Amino acid sequence: MDKNTFGKLVLDNEVQLYRIAKAILKRDEDCADAAQEAITRAFEKLHTLKQDAYAKTWLIRILIRECYRILEQRSKEAAFQENQSVQVSESEDYGSLYQALAALEPEFRITLVLYYLEGFQIQEISAMLEIPEGTVKSRLHRGRKKLKKLLSEEERQ
C-alpha cells in the first residue's frame, strides 16, 4: 500500500476510528490521542502490511491496542491519585443508549460497537481483537443482556 492510499483510508475512516476509540475510552481527548497515535504507528509500519485488502482491519487492531495502552496508563495514574476516576463529563450530552454502553465493561462495549455500530462481521471482530469467534459471540450475547438490563433500569428511574 502506498502513502496516498493509506491517507485516503485514514480520511475515509476517521469517524469510525473515533467511534471505536470512544467505545473503549471515555474521554474525548484520549480518543483523539489514541486515533492519532494509531495512525502514526500504522504509517511507520506500513511496509509490514502484507495484503492491502486487510488494511482497515489492521489499522483498527492498532487503534484497539493503543486504546488499551492508554487505559493501562490511566489506571497507573489513578493509582497515584485516590478518588480520581475517568468519567463522562456531565456537561456533555449523550443519549441514554450511549450512557448505557459506556457503563458496560470494555470487552462487551467494544464488541457491541464493532458489530452493531460499525457493521463488522464476527470473523473480522475475532481477528481485530485476537480472540476466538465463539468468544465474540458470547460477548455479544452477554453484552446485549447487560445493555438491555441497564436500559430497562434507566426507564424505571
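Throughout, residue positions are numbered sequentially from 1 according to the sequence presented. Keep in mind that what you see is a predicted model, and the values were worked out from it rather than measured.
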With sequence neighbours left out, write down each residue that passes ring pair (Phe, Tyr, Trp, His ring centres under 6.0 Å) with Tyr116, or none if nothing qualifies.
none
Sorted by chain and residue number, the ring pair (Phe, Tyr, Trp, His ring centres under 6.0 Å) partners of Tyr115 (sequence neighbours excluded) come out as none
For [X], give me all partners under side chain to side chain contact (heavy atoms under 4.5 Å, CB included), at least two apart in sequence or on another chain.
{"X": "Ile131", "answer": "Leu129, Thr135, Val136, Arg139"}
{"X": "Tyr68", "answer": "Ile24, Ile64, Leu71, Pro106, Ile110"}
{"X": "Asp2", "answer": "Asn4, Thr5"}

How many angstroms lie between [atom1] in [X] and [atom2] in [Y], if you round to the nearest 0.5 Å?
{"X": "Glu37", "Y": "Ile62", "atom1": "CD", "atom2": "CD1", "value": "10.5 Å"}
{"X": "Leu104", "Y": "Gln99", "atom1": "CG", "atom2": "CD", "value": "12.5 Å"}
{"X": "Glu107", "Y": "Leu112", "atom1": "CD", "atom2": "CG", "value": "10.5 Å"}
{"X": "Gln51", "Y": "Thr57", "atom1": "CD", "atom2": "OG1", "value": "11.0 Å"}
{"X": "Leu114", "Y": "Gln121", "atom1": "CG", "atom2": "CD", "value": "12.5 Å"}
{"X": "Leu150", "Y": "Leu101", "atom1": "CG", "atom2": "CG", "value": "9.0 Å"}

With sequence neighbours excluded, what pairs up with [X] under the salt bridge (charged side-chain N to carboxylate O under 4.0 Å, His left out) test?
{"X": "Arg142", "answer": "none"}
{"X": "Arg69", "answer": "Glu66"}
{"X": "Glu124", "answer": "none"}
{"X": "Glu44", "answer": "none"}

Set out, in order, the CA-CA distance, both residues' side-chain angles and the distance that settles salt bridge (Lys or Arg N to Asp or Glu O under 4.0 Å) for Arg65 and Glu130, then state yes or no.
CA-CA 11 Å; Arg65 285 188 186 128; Glu130 298 176 327; 2.5 Å; yes
Closest non-hydrogen atom pair, [X] against [Y]:
{"X": "Ala100", "Y": "Leu151", "value": "CB-CD2, 3.7 Å"}
{"X": "Arg19", "Y": "Glu118", "value": "NE-OE2, 2.6 Å"}
{"X": "Cys67", "Y": "Ala34", "value": "SG-CB, 3.7 Å"}
{"X": "Cys31", "Y": "Tyr18", "value": "CB-CE1, 3.4 Å"}
{"X": "Ala55", "Y": "Met1", "value": "CB-CE, 3.3 Å"}

Glu105: which residues meet the side chain to side chain donor-acceptor pair (under 3.5 Å) condition with it, sequence neighbours left out?
Lys146
Could you work out, with side chain to side chain donor-acceptor pair (under 3.5 Å) as the rule, every residue matching Lys8, not counting sequence neighbours?
Asp12
Look only at the side chain of Lys3 and the backbone of Gly7, and say whether a donor-acceptor pair between them is shorter than 3.5 Å.
no
Determine whether a donor-acceptor pair (N or O, by modelled atom type, separation under 3.5 Å) exists between the side chain of Ser126 and the backbone of Ile122.
no
Return each pair, listed once, that meets ring-ring contact (aromatic ring centres under 6.0 Å, His included) where at least one residue sits in residues 30-61; pairs must be two or more places apart or across chains.
Phe6-Phe43
Check the pair Phe108, Leu147 against side chain to side chain contact (heavy atoms under 4.5 Å, CB included), reporting the backbone distance first and the verdict last.
CA-CA 9 Å; Phe108 298 122; Leu147 189 60; over 6 Å; no
When Leu25, Asn13, Leu117, Ile60 are each screened for side-chain contact (heavy atoms from CB on, under 4.5 Å) with Ile20, the one that passes is Ile60
